[in-house]
Amino acid sequence: MTITEIVELLKAALRSAASEKYGIDLDQIVVETPPKTEFGDFAFPAAFELAKLIKQATGEKQNPRAIAESLRSCLEPVEIVSKVDVAGAGYLNVFVDRGKFLADNLTADPLPNTVDPTDETAVKVCVEHTSVNPNKAAHIGHVRNSVLGDTFHRILKATGKRVEVQNYIDNTGVQVADVVVGFMYLEGRDLGSIKALDAELAAAGTSFDYYCWDLYAKVGQAYQSDEALKAKRANVLHLIEAGDNATAELADYVATRNVQCITDTMERLGIRYDLLPRESEILHLHFWDKAFEQMKQLGVIHYEPEGKHAGCWVMPWESHTASDDHEADKILVRSNGTVTYTGKDIAYQMWKLGILGLDFNYRLFHTYADGKQIWITTPNPDDHQHTHFGGGETIYNVIDTRQSYPQEVVKKGVAAISPERGEKASVHLAYEMVALSPAAAEELGFELSDEDRKRPFIEMSGRKGLGVKADDLIDRLEANALAEVESRHADLPSDQKVRIAHQLAVGALRYFLLKFTRNTVIVFDFKEALSFEGETGCFCQYSAVRANSIFRKLGDIGETLEDCRKRVAEAGSLDEIISADPASDIWSMAILASRLEETVRQAAAANEPAILAKYAFSLAKAFNLFYHNHKILSETDELKRSVLVTVADMARRSLTAALETLGIEVPEKM
RNA sequence: GGUCCCGUAGCUCAGUCGGAUAGAGCGUUCGCCUCCUAAGUGAAAGGCCGGUGGUUCGAAUCCACCCGGGAUCACCA
């Protein structure tokens, strides 16, 4: 019996007892993990809840402890339960039969829900993340977005869902226009010259997106003193949107190259995509017109004949309160007839949900080393057979918290068009920004005003060229990790050392970004981000590596995992071993390792990958304690050794699976 | 002005729809490698959970107000 099954049995027993004894239906039964192993394996605060409900129903006050006492007898008969305690103010603490649980879960898959991506009957959801403007290199803030999104997609997959990962490419916006202005008017380049530059850069070992990073900052500077340049931008933007001209072609090259650079950067971190939908196709296929038609028909938006918004199409929003400076209603079509960004976003969200009634054309963009493909939208007809894109049951948009208002508008808009799907079909996975401490900004060579220096943090800005570039940080992490590997395993072949250093760098960066909850502003600190000690990805990897080395050496003592499992499964009672364990860390280890599946479910339900990151860390910590307290290979008692080996095996499989879901690999050695 | 987020140990953060002695990491101090990897580990010190009221048997958690910090509220993109 797995943890999930046990919990379901216990909940069912409580539910029926509550309705039998008190005539109350407990629809939601909370189960907690007690703060200490001595308190048991599951804690139910149901008596508190019942006391409240009884008071509501009858007005009579009942002592939670007495209620707990009366419920206790309904849990005791459950098969795997060994003991039920009433503790504290009225907790029902359940202890499971440890030996039986161990024997039952020796080989259990820590994450049993797998899904076949080609199975069209499985529930499909879409996760959009990354979505970096394709005009410069990605910085650490973009990486937070991508790591969150990528990890969340892995979490959803682990709960048994089919997940499509989309990376939206805004290739026709002002940001791209700015860089195009830089190439054309600051540097006097045409497409041929840019291609030549691109080749030169590649030969010199720098990359196109880094060049654009600096150019973008230069253009931003130039605008401040050159009004004429700004006018040129308006023209460039117009030409890009119109398409089918030399400027648009040039912009397409710039944007596409940046997309390639950014997806390469993300690939270094194990982040991949299924589809890159582009803004240009949304424009050219007139997604908005189609959405507009539906919205007009359904009365979701209306024309404003007079007043401040005369001539506009607006979406009313009663629940959003107006203030002195701002209107409550949201304009989707301007008085000059053009659509706003939010309007386009609603049309696009409709496509994602499969309710627009239009589809893109697609072409193959990239094939990863293992054969996995990225597709991109195209103005031309499809060039290959491809799977069906879009049409997710739920759409998760990973976008920073500053976009909460427009995301809210989009959600309300699509819910008005499709009330049966409602607002729950659109989820804004919001997260706070990554900012720089004033010290870190100065370390990067930026001059700060006295005012800036007093601020708690400084926002990164692509426009100013202020930020920690993702590739730079990964390079530094890899170099540091390589030095550490070198000092420990000088004898390894160098390609293996490099691979390990890479895995450690990825682990460090991903864990660093995931250990914070989404609504915490990360004030970037080099020392903390570059650390391999304490609460880091490296710590978790190290535990797994040590666990694996036990199994590498198992043969040296003439032992096999299968024999150990067999002995444990066939042992009459393991009580002597498990109960005699002074710190009871054998049991703590086993039960914690069995909680991965429920932790993943929790993380998915709360849209919070940090929950899983924290779990992986506590698992690694528990293993280190277990490892420290028990000499596994040198244990002479055969049965005890077998228990230790099987528990270590449960721990390493669970830890490995948890890390994999976080996008962190376990190195062979470190 | 409206809305949202944050305020917990010297620092950076967790804290499971309100519950058991408020937990980690870093930093500080003192320990642990004849033994499965010391990127590890044991111990100590460190807290009016921003403030004041309220709800409750019970509040870091919920409500109200206040104080600090941040974001956002365009016919921009």
Side-chain angles (χ1 to χ4, degrees), chain A residues 28 30-36 39 43 45 48-49 51-52 61 63-64 87-91 93 133 170 172-175 177 237 308-309 311-314 320-328 330-336 338-342 344 400-406 408 430 432-433 435 455-457 459 481 484-485 487-489 504 515-517 519-523 525 527-528 531-536 538-539 541-543 545-547 549-554 556-557 599 602 606 610-611 614 617-618 621 624-625 627-635 644 648 669-670:
Chain A
Q28 281 267 309
V30 177
V31 56
E32 294 175 8
T33 303
K36 286 184 176 176
F39 294 159
F48 303 122
E49 184 66 22
K52 206 170 292 171
K61 275 193 188 178
N63 185 346
Y91 272 104
N93 287 345
N133 279 314
D170 184 0
T172 59
V174 276
Q175 286 86 356
L237 188 58
K308 203 171 158 189
H309 293 159
C312 299
W313 286 86
V314 304
H320 188 69
T321 45
S323 61
D324 293 351
D325 304 332
H326 303 286
E327 297 288 326
K330 180 69 194 171
I331 292 169
L332 297 186
V333 179
R334 303 178 187 111
S335 52
N336 67 3
T338 56
V339 59
T340 62
Y341 191 86
T342 309
K344 274 183 280 188
D400 76 73
T401 180
R402 287 170 293 192
Q403 301 277 336
S404 293
Y405 173 67
E408 197 61 27
E432 278 288 356
M433 63 177 141
R455 297 170 71 87
F457 53 80
E459 197 176 333
E484 296 285 341
V485 175
S487 73
R488 277 160 242 251
H489 303 285
L504 293 175
K515 73 175 174 181
F516 298 94
T517 51
N519 50 15
T520 299
V521 176
I522 299 180
V523 180
D525 177 73
K527 189 168 160 271
E528 210 188 326
S531 172
F532 293 131
E533 284 165 22
E535 196 194 340
T536 62
C538 182
F539 178 98
Q541 290 169 309
Y542 185 63
S543 289
V545 167
R546 292 212 291 189
S549 79
I550 294 171
F551 292 86
R552 218 178 17 250
K553 295 192 172 167
L554 214 49
D556 297 353
I557 60 163
T599 305
Q602 245 178 57
I611 293 174
K614 293 283 175 190
F617 176 64
S618 66
K621 223 166 23 158
N624 285 344
L625 183 69
Y627 183 90
H628 185 253
N629 288 344
H630 302 279
K631 298 297 162 226
I632 297 163
L633 292 179
S634 53
E635 173 59 50
L644 293 173
K669 282 186 177 181
M670 58 187 281

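The analysis underlying the following values was restricted to heavy atoms, covering all of them including side chains, and did not include hydrogens, waters or symmetry mates. Naming: A, B, ... by sequence-line order, numbering from 1 per chain.
Annotated as anti: B/C13, whose O4'-C1'-N torsion sits more than 90° from 0.
RNA chain B is contacted by both A/Asp170 and A/Lys614; A/Lys614 maps to the nucleotide lying nearer its 5′ end (nearest heavy atom per residue). Mapping A/Ala43 and A/Val339 onto RNA chain B by nearest heavy atom places A/Ala43 at the nucleotide closer to the 5' end.
Contact between the side-chain N/O atoms of A/Thr520 and the OP1/OP2 oxygens of B/A14 is found at a separation under 4.0 Å. Distances shown here put a side-chain N or O of A/Asn519 below 4.0 Å from the OP1 or OP2 atom of B/C6.
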Where protein sits on nucleotides 67-72 of chain B, one letter per nucleotide: B base, S sugar-phosphate only, - none, heavy atoms under 4.0 Å: --SSSS

Sugar-phosphate or base contact per nucleotide [nucleotides 33-42 of chain B; S, B, -; heavy atom under 4.0 Å]: --BBBSBSSS

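For A/Glu459, the side-chain hydrogen bond (donor to acceptor under 3.5 Å, both in side chains) test picks out A/Arg402, with sequence neighbours left out. Residues passing the ring pair (Phe, Tyr, Trp, His ring centres under 6.0 Å) test with A/Phe39: none are found, sequence neighbours excluded.
Among the atoms of the strands shown, base atoms are found under 4.0 Å from some heavy atom of A/Tyr341. Counting non-hydrogen atoms under 4.0 angstrom, A/Thr338 reaches nothing in the nucleic acid. Within 4.0 Å (heavy atoms only), A/Asn93 reaches at least one base atom of the nucleic acid. Looking at heavy-atom distances under 4.0 Å, A/Thr599 makes no contact with the nucleic acid at all.
Of the C1' atoms belonging to B/A77 and B/U72, the separation is 16 Å, rounded to the nearest Å. For the C1' atoms, the distance linking B/U37 with B/A24 amounts to 24 Å, nearest Å.
Taking atom CG of A/Leu332 as the reference point, atom P of B/C75 lies 11 Å away to the nearest angstrom. Going from atom NZ of A/Lys527 over to atom P of B/G25 covers 15 Å, rounded to whole Å. Counting to the nearest Å, the P atom of B/A77 and the CG atom of A/Asn133 are 13 Å from each other.
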Heteroatom pairs (N/O) under 3.5 angstrom, protein to nucleotides 56-58 of chain B:
from: B/C57; atom 1: OP1; to: A/Lys61; atom 2: NZ; distance (Å): 3.0

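Pairs of Watson-Crick or G-U wobble type, with distances under 3.5 Å, assemble into runs of 3 or more in RNA chain B at these ranges: B:1-7 with B:67-73, B:10-13 with B:23-26, B:28-32 with B:40-44, B:50-54 with B:62-66.
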